[in-house]
Amino acid sequence: MKEILFRGKRVDNGKWVEGCFSREYGSNEIITADDETYHITPDTLGEYTTVKDKNGTRIFEGDVVKLFDIAIGEIVCEYGAFGISCRQQIDYDYLASEIASITGCDNTPMFCRNDNFVSLWELYWNYNQESSEISVIEVIGNIHDSPELLK
């Protein structure tokens, strides 16, 4: 079953909190697993993508990730899917060349080649990931705490 989870920064102290999102009487709130309710800053709200990076870190919208050592981008929801949006052009030929070394088989690469966007599911599928982790990406920050990572 899909785990539906959100993350946002608390209004009172700026700390991150994860849980269910609620909008009560015009207030944006996260309700944690401990049934604690925290008001959050709306522009920090991000949904959990249901996958983790190579270190087991949950990946949320707004995270900044490194794809191999070739690109750094932001996790966004575009084209109906969560993925990595990069400022620079993604080298799809390089991504395809790494499939055999990671999977041990010569799969035919399946990437949509949407300029500067690659979906998490394309990465998951192409690299035969068998758990909820995608071994070719790593969370290195987020756009709220470290926006300089995207420059």
Side-chain angles (χ1 to χ4, degrees), residues 1-92 94-95 98-99 102 109-151:
M1 176 178 272
K2 179 181 175 183
E3 181 179 14
I4 301 186
L5 187 65
F6 291 87
R7 173 183 77 182
K9 282 186 117 174
R10 290 173 46 177
V11 171
D12 61 347
N13 64 11
K15 291 185 179 180
W16 288 101
V17 62
E18 296 178 4
C20 296
F21 174 68
S22 173
R23 183 170 290 148
E24 286 278 331
Y25 308 108
S27 177
N28 296 291
E29 302 171 337
I30 294 282
I31 303 165
T32 67
D34 301 338
D35 285 329
E36 297 288 329
T37 301
Y38 299 99
H39 296 285
I40 61 158
T41 306
D43 65 338
T44 66
L45 180 68
E47 187 174 355
Y48 176 45
T49 63
T50 71
V51 294
K52 299 174 183 176
D53 76 352
K54 68 181 189 177
N55 300 314
T57 303
R58 289 179 174 155
I59 302 173
F60 285 86
E61 284 179 283
D63 279 340
V64 177
V65 297
K66 182 168 42 171
L67 174 61
F68 287 105
D69 285 327
I70 64 166
I72 292 176
E74 175 187 352
I75 297 295
V76 297
C77 187
E78 289 184 11
Y79 309 108
F82 289 111
I84 305 169
S85 176
C86 298
R87 294 212 167 127
Q88 74 273 23
Q89 184 72 26
I90 294 173
D91 186 349
Y92 290 99
Y94 177 82
L95 294 180
E98 291 296 308
I99 290 174
I102 291 172
M110 299 295 216
F111 293 105
C112 290
R113 297 180 181 255
N114 288 327
D115 296 328
N116 63 346
F117 178 85
V118 61
S119 83
L120 297 180
W121 293 111
E122 286 174 315
L123 296 173
Y124 194 82
W125 173 263
N126 281 297
Y127 296 105
N128 292 351
Q129 306 297 281
E130 294 181 0
S131 68
S132 64
E133 295 177 6
I134 299 178
S135 64
V136 299
I137 58 177
E138 178 180 20
V139 174
I140 58 172
N142 65 68
I143 60 170
H144 307 288
D145 295 334
S146 39
E148 69 280 358
L149 292 172
L150 292 174
K151 293 181 181 174

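Here the shortest heavy-atom pairing between F82 and E61 reads CE2-CG, 3.4 Å. Contact detail for N116 and I90: the closest heavy-atom pair is C-CD1, 3.6 Å. Closest non-hydrogen pair, E122 versus C112, comes out as OE2-N, 2.6 Å. Contact between S85 and V76 at its shortest, heavy atoms only, is CB-CG2, 3.7 Å. What you find for P42 and N28 is that their closest heavy atoms are CG-ND2, 3.1 Å. The minimum heavy-atom distance between I143 and P147, with the atom names listed, is O-CB, 3.4 Å.
Expressed to the nearest 0.5 Å, how far OH of Y124 lies from OG of S135 amounts to 10.5 Å. To the nearest 0.5 angstrom, L120 atom CG is 11.0 Å from Q129 atom CD. Taking CD from E47 and SG from C77, the interatomic distance works out to 7.5 Å, rounded to the nearest 0.5 Å. Rounding to the nearest 0.5 Å places CZ of R58 at 15.0 Å from CG of N55. For the atom pair I140 CD1 and L149 CG, the distance stands at 4.5 Å (nearest 0.5 Å). Rounding to the nearest 0.5 Å places CG of L45 at 4.5 Å from CD1 of I40.
Within the 4.5 Å cutoff, side-chain heavy atoms of W121 are placed close to those of T50. Side-chain contact between L123 and I137: present, with at least one pair of heavy atoms (C-beta onward) separated by less than 4.5 Å. Residues I134 and Y127 are not in side-chain contact: their nearest non-hydrogen atoms beyond the backbone lie 4.5 Å or more apart. Looking only at side-chain heavy atoms (C-beta outward), E18 and I30 stay at 4.5 Å or farther from each other.
Formation of a donor-acceptor pair under 3.5 Å by the S146 side chain with backbone atoms of G141 is not found in this model. Looking at N13, its side chain does come within 3.5 Å of a backbone N or O of K15 through a donor-acceptor pair.
Around CD of Q89, the count of heavy atoms belonging to other residues, nucleotides or ligands within 6.0 Å exceeds 12. Within a 6.0 Å radius of NE2 in H144, more than 12 heavy atoms belonging to other residues, nucleotides or ligands are found.
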Tell me which donor-acceptor pairs under 3.5 Å the side chains of residues 63-75 have, and how far apart each pair is, sequence neighbours excluded?
| unit_1 | atom_1 | unit_2 | atom_2 | d |
| --- | --- | --- | --- | --- |
| D63 | OD1 | R7 | NH1 | 3.0 |
| D63 | OD1 | R7 | NH2 | 2.8 |
| D63 | OD2 | F60 | N | 2.8 |

